[in-house]
Novice: 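My structure is below; once you've seen it, I'll send some questions.
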Amino acid sequence: MSQTISDQIKSDPAIASTIDQLLSRCQEIQQNINGIKPPSSELMQSYDDSIKKFSEIRGGELFFPYLSTGAGNGPFVELADGSVKYDLTCGIGVHIMGHGHPAVMKASIEAGLEDVTMQGNLQQNVASMTLCEKLLDLAHKKEGSHLAHCFLSSSGVMAGENALKMAMQKNAPASRVLAFERCFAGRSLAFSQINDKPAFRDGLPEILNVDYVPFYDANDPEGSTATAVATLKSHLTRHPKQYAAMLFELIQGEGGFHLGSEHFHRSLMEICKEHGVAVLVDEVQTFCRTHHPFAFQEFNLTDLVDIVWVGKAAQVCATLFSKEYLPRPGLIAQTYTASSATIAASIAILNELDNGNYFGANGKTAQLHQLFADGFDAISSRHPELLKGPYGIGAMTGCTVHGGDHAKVVTLIHHLYDNGVIAFLAGGNPTRLRFLVPIGALAPSHIQEILEILESSLLETT
Ligand SMILES: Cc1ncc(COP(=O)(O)O)c(C=O)c1O
């Protein structure tokens with residue numbers, strides 16, 4: 001069989017052994033990043049100067065004084081002041097395998113030896129197709145999916161824009177959109193309109209008609225489902241045939257780690273179907289963080305999804321859609337979606353998660369979540385006024401601390417940061433503490449230490 005030049009590079013023994021040597025030497029050094037470390041006094045001044053300079057350049061203060069060196073190991077990240085911290089935010093849910101993961105590094109280095117181009121709509125490498133096939137394969141893990149196509153793009157919100165445009169084009173002239181109260185879907189002009197957060201569209205023109213449906217309340221499953229169904233029906237009656245799509249964020253991420261239920265989502269989705277309203281599912285934050293690759297599989301909703309989009313943990317963002325929503329030429333395109341190294345990293349991560357026993361009721365993700373849940377219970381039993389939880393699911397683990405008081409939660413997050421744990425917040429009223437954990441890198445001993453730091457930081461901020 002004829003060999004391409006690329007095949008020759010990929011199968012060249014000298015190149016393969018150089019990559020192995022490179023990786024093993026790099027890992028040898030990386031192993032020294034293996035626990036929390038305070039900043040080095042010699043680096044502190046220049047670090048502070050860099051943080052100030054960067055805040056000025058970007059036109060606003062950084063939430064954390066965070067500038068990484070680019071080195072990390074597992075759940076640990078090294079900062080440019082020489083400190084090492086646990087990273088439980090992971091770029092807001094991006095580095096799901098943690099830092100310096102060997103398989104991800106290997107895939108990136110190998111792809112870095114290709115001709116270092118970006119891949120885009122017009123010119124793509126074989127790897128783009130492999131990634132699309134992998135995402136579709138994961139979407140079909142449960143039977144009944146209508147998702148037939150996959151289109152890559154460069155950000156979560158762009159993948160969402162593509163979904164919305166496809167739904168609007170098919171269902172034109174219907175142009176209204178339905179979404180959940182407290183939802184967040186990204187920061188394009190259209191999605192700033194959809195987000196249920198007035199501050200995120202301050203000063204922007206109203207370009208979309210959006211109507212809201214209240215989300216599920218775990219304390220009142222039947223009542224909240226009935227209220228949501230009644231609200232949806234009333235919108236559909238008030239504006240007949242005017243809704244192009246309803247956006248479902250099945251587990252609210254930014255909104256505060258609120259879970260829906262199968263019955264809740266199914267009831268609403270079935271009504272959408274009856275009225276020709278496209279069922280759009282935003283899985284930018286949930287993808288690969290529940291016990292299934294997709295949260296719609298977690299809630300047994302596979303048969304009802306028209307369009308779904310992913311981002312964050314997938315590294316490369318993508319919109320998956322059914323044949324009915326195939327866009328007409330010109331509607332969606334993208335100069336570039338990602339670098340070859342990122343696409344290779346994405347494939348490596350998805351293969352690792354798919355083959356590495358992460359999913360399922362007893363998978364690694366569920367086991368790690370349980371350790372956090374037990375730890376939260378223990379802290380809560382000692383200090384019931386300080387912590388309630390867990391909230392979330394799988395690798396989206398949260399708790400309500402200090403009664404959900406926003407200012408106190410922000411103070412706690414900064415204490416945690418100074419004590420060596422990078423965590424973030426979610427929601428308002430209550431504001432919650434949010435861990436988007438690197439499931440590919442966390443061991444039970446790490447979780448034990450993180451929980452000890454959480455408890456002492458809580459006590460410090462009381
Ligand atoms: C549910 C959800 N949708 C969309 C987005 C937007 O993704 P991106 O910032 O990659 O555009 C986010 C980001 O936090 C998100 O959580």
Side-chain angles (χ1 to χ4, degrees), residues 58 63 88-96 135 151-165 167 177-197 199-201 208 210 212 215-216 245-260 265 279-290 293-296 298-299 301 305 307-320 332 334 336-339 342-343 345-346 349 391-398 422-428 431-432 434-437:
R58 69 194 287 277
F63 183 84
L88 293 196
T89 296
C90 296
I92 322 192
V94 181
H95 331 309
I96 196 159
L135 288 165
F151 192 92
L152 304 180
S153 56
S154 58
S155 74
V157 77
M158 196 61 222
E161 283 273 339
N162 287 341
L164 189 60
K165 287 198 290 182
V177 173
L178 290 148
F180 284 124
E181 289 176 4
R182 262 188 336 229
C183 75
F184 177 78
R187 292 173 199 266
S188 66
L189 190 53
F191 279 76
S192 297
Q193 198 63 56
I194 294 171
N195 297 330
D196 190 17
K197 195 101 185 208
F200 290 0
R201 54 172 174 271
L208 260 189
V210 186
Y212 294 93
F215 198 71
Y216 180 72
M246 176 154 179
L247 257 81
F248 288 81
E249 196 189 351
L250 302 173
I251 301 161
Q252 296 191 312
E254 299 297 313
F257 279 12
H258 300 280
L259 260 72
H265 288 307
V279 171
L280 310 191
V281 180
D282 179 345
E283 297 234 20
V284 171
Q285 194 155 151
T286 49
F287 180 63
C288 284
R289 289 198 171 268
T290 68
F294 289 86
F296 69 72
E298 183 77 32
F299 292 115
L301 302 165
V305 178
I307 311 181
V308 61
W309 58 104
V310 300
K312 294 189 188 279
Q315 317 285 299
V316 182
C317 303
T319 313
L320 283 67
I332 58 173
Q334 189 103 81
Y336 63 76
T337 50
S339 70
T342 309
I343 290 168
S346 174
I349 290 171
Y391 298 98
I393 182 173
M396 298 171 74
T397 304
I422 304 173
F424 202 42
L425 45 84
T431 300
R432 285 188 172 144
R434 158 165 62 155
F435 295 146
L436 285 162
V437 299

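Read the numbers this way: they start at 1 and go in the same order the structure lists the ligands and their atoms. This chain uses plain numbering: 1 for the first residue, then up along the sequence.
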Novice: Tell me every residue that passes ring pair (Phe, Tyr, Trp, His ring centres under 6.0 Å) with Phe424, counting only those two or more places apart in sequence or in another chain.
Specialist: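 Partners of Phe424 under the ring pair (Phe, Tyr, Trp, His ring centres under 6.0 Å) test: Phe63.
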Novice: For ligand 1, find each of its N or O atoms that sits under 3.5 Å from a protein N or O atom, and tabulate the pairs with distances to one decimal place.
Specialist:
{"residue": "ligand 1", "atom": "3 (N)", "partner": "Asp282", "partner atom": "OD1", "Å": "3.2"}
{"residue": "ligand 1", "atom": "3 (N)", "partner": "Asp282", "partner atom": "OD2", "Å": "2.7"}
{"residue": "ligand 1", "atom": "10 (O)", "partner": "Gly156", "partner atom": "N", "Å": "2.9"}
{"residue": "ligand 1", "atom": "11 (O)", "partner": "Gly156", "partner atom": "N", "Å": "3.3"}
{"residue": "ligand 1", "atom": "11 (O)", "partner": "Val157", "partner atom": "N", "Å": "2.8"}
{"residue": "ligand 1", "atom": "14 (O)", "partner": "Lys312", "partner atom": "NZ", "Å": "2.9"}
{"residue": "ligand 1", "atom": "16 (O)", "partner": "Gln285", "partner atom": "NE2", "Å": "2.8"}

Novice: Between Asn195 (side chain) and Gly186 (backbone), is there a donor-acceptor pair under 3.5 Å?
Specialist: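 It does hold such a pair.
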Novice: Do Gln315 and Thr342 have side-chain atoms, one donor and one acceptor, less than 3.5 Å apart?
Specialist: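 The criterion, which ignores hydrogens and geometry beyond distance, is not satisfied for Thr342 and Gln315.
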Novice: Give a yes or no on whether the backbone of Ser154 and the side-chain of Thr337 come within a donor-acceptor separation of less than 3.5 Å.
Specialist: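 Not confirmed, Thr337 side chain does not pair with Ser154 backbone.
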Novice: Within a 6.0 Å radius of atom OH on Tyr336, are there more than 12 heavy atoms belonging to other residues, nucleotides or ligands?
Specialist: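 For Tyr336, atom OH is not crowded (no more than 12 foreign heavy atoms under 6.0 Å).
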Novice: Assess whether a salt bridge exists between Glu254 and Arg182, defined as any Lys/Arg side-chain N lying under 4.0 Å from an Asp/Glu carboxylate O.
Specialist: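 No, Glu254 and Arg182 are not salt-bridged.
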